[in-house]
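These notes concern the structure reproduced below.
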Amino acid sequence: IRQKAGGMNIILKPDVDREAPVTFKMEKVPLREVLRYALELSRNTARIDRQAITIVPLPVGAPVRTTSEQTNRAKSLAVKLSSIRLESVNFNETPLGDVCMYLAQRSGELSRDRKPVSVILGVGVDRNQTVSFSLSNVPLSTVLNYAAELSRNKIRVDSYAVIVSSRIPVAAPTQDL
């Protein structure tokens with residue numbers, strides 16, 4: 001994203017859902033990537049040119065595009081998730097949102113680089129859905145997979161974060177005519 005001294009122009013097309021709630025936390029991530037995650041979570045995409053960033057709705061069923069750099073970063077993050085081992089976890093009717101926050105925090109404490117892994121809950125994921133399970137001496141990737149599976153979700157390891165998304169496709173908002 002090119003930003004001039006006076007700021008940048010952002011255009012929202014009329015059919016963009018301006019009320020789509022998006023909440024996530026990321027640390028030390030390039031602005032372009034933060035924007036990409038915000039757009040994906042709000043089911044939008046952007047066209048970037050020299051004059052402005054134009055936000056448009058993501059077509060229903062459109063695949064998430066990745067570059068080779070993003071693919072390489074995702075592979076590195078997957079290795080990191082497999083290398084972080086948790087001695088034990090015990091979740092008893094714990095909300096999925098709390099599980100993800102705990103795992104992100106522990107990843108920062110246990111990883112060699114001391115950088116937490118961002119875990120983002122996507123559209124259609126109920127952060128209050130509870131999960132119960134206990135595991136011992138397992139990689140962080142395994143814990144994330146169980147949390148997703150038991151809450152009827154799935155995970156995707158992306159370039160800068162783990163995205164927890166609904167197994168059920170979320171329909172695009174409809175407009176009244």
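Please read all numbers here as calculations on a predicted model, not as lab measurements.
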Test side-chain contact (heavy atoms from CB on, under 4.5 Å) applied to R106 and V89, step by step: CA-CA 11 Å; R106 291 294 289 152; V89 293; over 6 Å; no
N44 and K13: CA distance, side-chain angles, deciding distance, side-chain contact (heavy atoms from CB on, under 4.5 Å) verdict: CA-CA 10 Å; N44 292 298; K13 290 289 190 168; over 6 Å; no
With side chains defined as the heavy atoms from C-beta onward, is the minimum distance between [X] and [Y] less than 4.5 Å?
{"X": "D158", "Y": "L77", "answer": "no"}
{"X": "V34", "Y": "Y160", "answer": "no"}
{"X": "V99", "Y": "V119", "answer": "no"}
{"X": "R152", "Y": "Q129", "answer": "yes"}

With a cut-off of 6.0 Å (strictly less than), are more than 12 heavy atoms of other residues, nucleotides or ligands near [atom1] of [X]?
{"X": "R114", "atom1": "CZ", "answer": "yes"}
{"X": "E93", "atom1": "CD", "answer": "yes"}
{"X": "Y146", "atom1": "OH", "answer": "no"}

In Å, rounded to the nearest 0.5 Å, how long is the span from [atom1] of [X] to [atom2] of [Y]?
{"X": "I53", "Y": "L12", "atom1": "CD1", "atom2": "CG", "value": "10.5 Å"}
{"X": "N92", "Y": "F133", "atom1": "CG", "atom2": "CZ", "value": "11.5 Å"}
{"X": "T54", "Y": "D49", "atom1": "OG1", "atom2": "CG", "value": "6.0 Å"}
{"X": "N137", "Y": "T142", "atom1": "CG", "atom2": "OG1", "value": "10.5 Å"}
{"X": "L86", "Y": "L103", "atom1": "CG", "atom2": "CG", "value": "6.5 Å"}
{"X": "L81", "Y": "N145", "atom1": "CG", "atom2": "CG", "value": "9.0 Å"}

So which atom in [X] and which in [Y] form the shortest heavy-atom distance, rounded to 0.1 Å?
{"X": "S111", "Y": "I84", "value": "CB-CD1, 3.7 Å"}
{"X": "T45", "Y": "P57", "value": "CG2-O, 4.3 Å"}
{"X": "I155", "Y": "A148", "value": "CG2-CB, 3.5 Å"}
{"X": "S166", "Y": "V125", "value": "N-CG2, 3.5 Å"}
{"X": "R85", "Y": "L110", "value": "O-CD1, 3.7 Å"}
{"X": "M101", "Y": "R127", "value": "SD-NH2, 4.3 Å"}

Single-linkage hydrophobic cluster [X]~[Y], side-chain heavy atoms < 4.5 angstrom:
{"X": "L144", "Y": "M26", "result": "no"}
{"X": "L121", "Y": "L140", "result": "yes"}
{"X": "I10", "Y": "I48", "result": "yes"}
{"X": "V16", "Y": "I11", "result": "no"}

Trace of the side-chain contact (heavy atoms from CB on, under 4.5 Å) decision for K80 with K115: CA-CA 10 Å; K80 180 176 180 174; K115 292 180 184 174; 3.9 Å; yes
Single hit among V143, L96, L135 for side chain to side chain contact (heavy atoms under 4.5 Å, CB included) with F91: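 That would be V143.
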Residues S83, R112; criterion side-chain hydrogen bond (donor to acceptor under 3.5 Å, both in side chains); working and verdict: CA-CA 9 Å; S83 69; R112 288 187 200 128; 5.4 Å; no
S107 side chain vs V117 backbone, donor-acceptor pair below 3.5 Å: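 It does hold such a pair.
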Side-chain (Y37) to main-chain (A161) donor-acceptor, under 3.5 angstrom: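 A pair under 3.5 Å: yes.
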